[in-house]
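Worksheet: the structure to be examined is printed underneath.
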Amino acid sequence: MENIAKKLNESAPELLIKKNESLAKYTYTKTGGNADLFVMPKTNEEVQSVVQFCSEENVPLTILGNGSNLIVKDGGIRGIVLYLDLLNTVYREDTMIYAGSGAKLIDVSRFARDESLTGLEFACGIPGSVGGALYMNAGAYGGEISDCLHKATVLTTKGELLHLERADLAAKYRHSTVAEKNYIVLEAAFQLELSEKLPIEAKMAELTEARESKQPLEYPSCGSVFKRPPGHFAGRLIQESQLQGFQIGGAQVSEKHAGFIVNVGGATATDYMKVIKHVQETVKRNFDVDLETEVRIIGEDA
């Protein structure tokens, strides 16, 4: 990868590039192997330059937001990992809020609150980035990102710039065109409504309290591990299978919320994968229900 790093640096001299960087520092589970090259663009133009470079040079490219609903395997990721955390600008135009791909969804919801704009209260506890939220149509407490999304600016895998309207994203439960076509989100625009700050604050406080009382926020985790199976709740099926507290290595099915797998100390991505497999097999055996992972799993085995 030395030659690739040199070429990339020549094509974009301002880029921040790290070699053999541990990805455990960038995931909420605090697990994961190393990236061959870890690239941190500061502008949309730098993102486009890297994407075009990878397409032309046939270099594997992986996009990383803030690593909240993600497991990176212990073998790490080959090629280039493009870390979009620095693309975090948030601004307002009338009742529209524009946010960069790397902006944290929690911060965007707080910005909306401070601007007395309603519509993003449901997102006040979702730890993902804007790009990740569009990728999986993130949601909580009865709201989804597609409810208030107006449009988005994305790149194709070849680095072509596209401007998508809400309908183009074909959003459904935990899925969108962004995931289907591996688009790279640069910016999203959210259409909100004017309101009073106090009721917005009250709603967000209510949702925050509900989240803190039910979710195991005291431990690193990848958030909700499984999608909601039709007609069921994943957490309830896991709980009724008496799997809370089940542990392999440092990865444990949370005793506080069965839908979470937490890192209680020294967990590896392999531990996580083994716990996920055991939960899926047990729930299938007990209820004949297939639990599909909501968490994104990427990288190579150790």
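FYI, side chains are in, hydrogens and waters are out, and symmetry mates aren't considered; it's all heavy atoms of this structure.
By the side chain to side chain donor-acceptor pair (under 3.5 Å) test, Glu2 pairs with Lys19, sequence neighbours left out. With sequence neighbours left out, Gln191 forms a side chain to side chain donor-acceptor pair (under 3.5 Å) with Thr95.
Side-chain atoms of Phe246 and Gln252, non-hydrogen and from C-beta on, never get closer than 4.5 Å to each other. Between Asp36 and Ile80, the closest side-chain pair of non-hydrogen atoms is not below 4.5 Å. In this structure the side chain of Thr156 never reaches within 4.5 angstrom of the side chain of Lys181, judged on heavy atoms. Two residues are said to be in side-chain contact when any heavy atoms from C-beta on lie closer than 4.5 Å; Arg92 and Leu117 meet this criterion. Side-chain contact between Leu105 and Pro127 is absent, with no heavy-atom pair separated by less than 4.5 Å. At least one side-chain heavy atom of Ser11 sits less than 4.5 Å from a side-chain heavy atom of Phe53. With a 4.5 Å cut-off on side-chain heavy atoms, Tyr141 and Cys124 do not count as touching.
Note: Tyr91 and Tyr98 meet the aromatic proximity criterion, with ring centroids under 6.0 Å apart. Taking the six-membered ring for Trp and the full ring otherwise, the centers of His150 and Phe190 sit at least 6.0 Å from each other.
For residues 46-64, the set of pairs meeting the salt bridge (charged side-chain N to carboxylate O under 4.0 Å, His left out) definition, not counting sequence neighbours, comprises Lys7-Glu57, Lys42-Glu46.
Under the 4.5 Å side-chain heavy-atom criterion for ILVMFWY residues, no single connected hydrophobic cluster contains both Val59 and Phe38. Connection of Ile77 to Leu61 is not established within any shared hydrophobic cluster, with ILVMFWY side chains joined at heavy-atom distances below 4.5 Å, either directly or through further cluster members. There is no path of hydrophobic side-chain contacts, each under 4.5 Å, that joins Ile145 to Leu87. Ile238 and Val264 are members of different hydrophobic clusters when ILVMFWY side chains are connected at heavy-atom separations under 4.5 Å. Leu217 and Tyr219 end up in different hydrophobic clusters when Ile, Leu, Val, Met, Phe, Trp and Tyr side chains are linked at under 4.5 Å.
A pairwise comparison of heavy atoms in Pro199 and Ser195 identifies CG-OG, 4.4 Å as the closest pair. Across every non-hydrogen atom of Ile106 and Ile126, the tightest pair is CG1-O, 3.1 Å. The minimum heavy-atom distance linking Gly128 with Ser68 is given by the pair CA-OG, 3.2 Å. Among all heavy-atom pairs drawn from Gln244 and Gln239, the shortest one is OE1-CG, 3.1 Å. Looking at every heavy atom in both residues, Pro41 comes nearest to Leu86 through O-CB, 3.5 Å. Closest approach of Phe122 and Cys148 over heavy atoms only: CE2-SG, 4.3 Å.
Panel note: side chain Glu144, backbone Gly139; no donor-acceptor pair is recorded below 3.5 Å. Put simply, the side chain of Arg166 gets close to the backbone of Ser146: a donor and an acceptor are under 3.5 Å apart. Between the side chain of Tyr135 and the backbone N or O of Ser176, no donor-acceptor pair lies under 3.5 Å. In this structure, Asp271 contributes its side chain and Gly250 its backbone to a donor-acceptor pair below 3.5 Å. Judged by distance alone, the side chain of Gln48 and the main-chain N or O of Gly159 form a donor-acceptor pair under 3.5 Å. Using a distance-only test at 3.5 Å, with no hydrogens or angles considered, a donor-acceptor pair links the side chain of Asn69 to the main chain of Cys222. Side-chain N or O atoms of Arg211 include one that pairs as donor or acceptor with a backbone N or O of Gly125 at under 3.5 Å. Panel note: side chain Ser101, backbone Val185; a donor-acceptor pair is recorded below 3.5 Å. In terms of modelled atom types and a separation under 3.5 Å, the side chain of Thr177 and the main chain of Leu169 share a donor-acceptor contact. Listed for the Thr27 side chain is a donor-acceptor partner under 3.5 Å among the backbone atoms of Thr31.
Side-chain contact, Gln52 with Ser49: no donor N or O sits under 3.5 Å from an acceptor N or O. A side-chain N or O of Glu21 and one of Tyr26 form a donor-acceptor pair less than 3.5 Å apart. Side-chain contact check for Thr157 and Asn182: no donor-acceptor pair (N or O, by modelled atom type) lies under 3.5 Å. Side chain to side chain, Thr29 and Asn263 fail the donor-acceptor criterion of an N or O pair below 3.5 Å.
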Next on the checklist: Using the rule given for side-chain contact (heavy atoms from CB on, under 4.5 Å), can you reason through Ile276 versus Ile71, listing the C-alpha separation, both sets of side-chain angles and the distance that settles it, and then say yes or no?
Outcome noted: CA-CA 11 Å; Ile276 288 170; Ile71 293 172; 3.8 Å; yes

Item to check | Test side-chain contact (heavy atoms from CB on, under 4.5 Å) applied to Gln280 and Thr293, step by step | outcome: CA-CA 9 Å; Gln280 288 173 321; Thr293 51; 3.9 Å; yes

Checklist entry - For Leu64 and Leu70, what are the C-alpha separation, side-chain angles and deciding distance, and is it a side-chain contact (heavy atoms from CB on, under 4.5 Å)? => result CA-CA 9 Å; Leu64 182 62; Leu70 180 75; 3.2 Å; yes

Checklist entry - Do Val178 and Asn137 pass the side-chain contact (heavy atoms from CB on, under 4.5 Å) test, and can you show the C-alpha distance, the side-chain angles, and the key distance before you say yes or no? => result CA-CA 9 Å; Val178 174; Asn137 188 26; over 6 Å; no

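No more than 12 heavy atoms of other residues, nucleotides or ligands sit less than 6.0 Å from atom NZ of Lys6. Within a 6.0 Å radius of NZ in Lys277, no more than 12 heavy atoms belonging to other residues, nucleotides or ligands are found. Around atom NZ of Lys158, no more than 12 heavy atoms belonging to other residues, nucleotides or ligands sit under 6.0 Å away. For Glu240, the CD atom is densely surrounded, since the number of other residues' heavy atoms within 6.0 Å is greater than 12. Heavy-atom neighbours of Arg78 CZ from other residues, nucleotides or ligands within 6.0 Å: above the threshold of 12. At most 12 non-hydrogen atoms from other residues, nucleotides or ligands lie less than 6.0 angstrom from CD of Glu196. Few gaps surround CD on Glu218; more than 12 heavy atoms of other groups in view lie less than 6.0 Å from it.
Atom OG of Ser116 is separated from atom CD of Glu193 by 13.5 Å, given to the nearest 0.5 angstrom. The distance from atom CG of Leu120 to atom CE of Met204, rounded to the nearest 0.5 Å, is 8.5 Å. Interatomic distance, Asn66 CG to Tyr83 OH, rounded to the nearest 0.5 Å: 7.0 Å. Within the model, atoms OG1 of Thr208 and CD of Glu201 stand 11.0 Å from one another, a figure rounded to the nearest 0.5 Å. In this structure, the separation between NZ on Lys214 and CZ on Phe260 is 11.5 Å, given to the nearest 0.5 Å. The distance from atom NZ of Lys284 to atom CG of Asp288, rounded to the nearest 0.5 Å, is 4.0 Å.
Between Asp168 and Lys151, none of the side-chain N atoms (NZ, or NE/NH1/NH2) sits under 4.0 Å from a carboxylate O, so this pair counts as no salt bridge. Under a 4.0 Å N-O distance rule, the pair Lys73/Glu300 does not qualify as a salt bridge. A salt bridge is defined here as a Lys NZ or Arg NE, NH1 or NH2 lying under 4.0 Å from an Asp or Glu carboxylate O, and Glu292 with Lys227 meets this definition.
Val275 pairs with exactly one of Thr270, Val262, Val225, Val253 by the side-chain contact (heavy atoms from CB on, under 4.5 Å) rule, that one being Val253.
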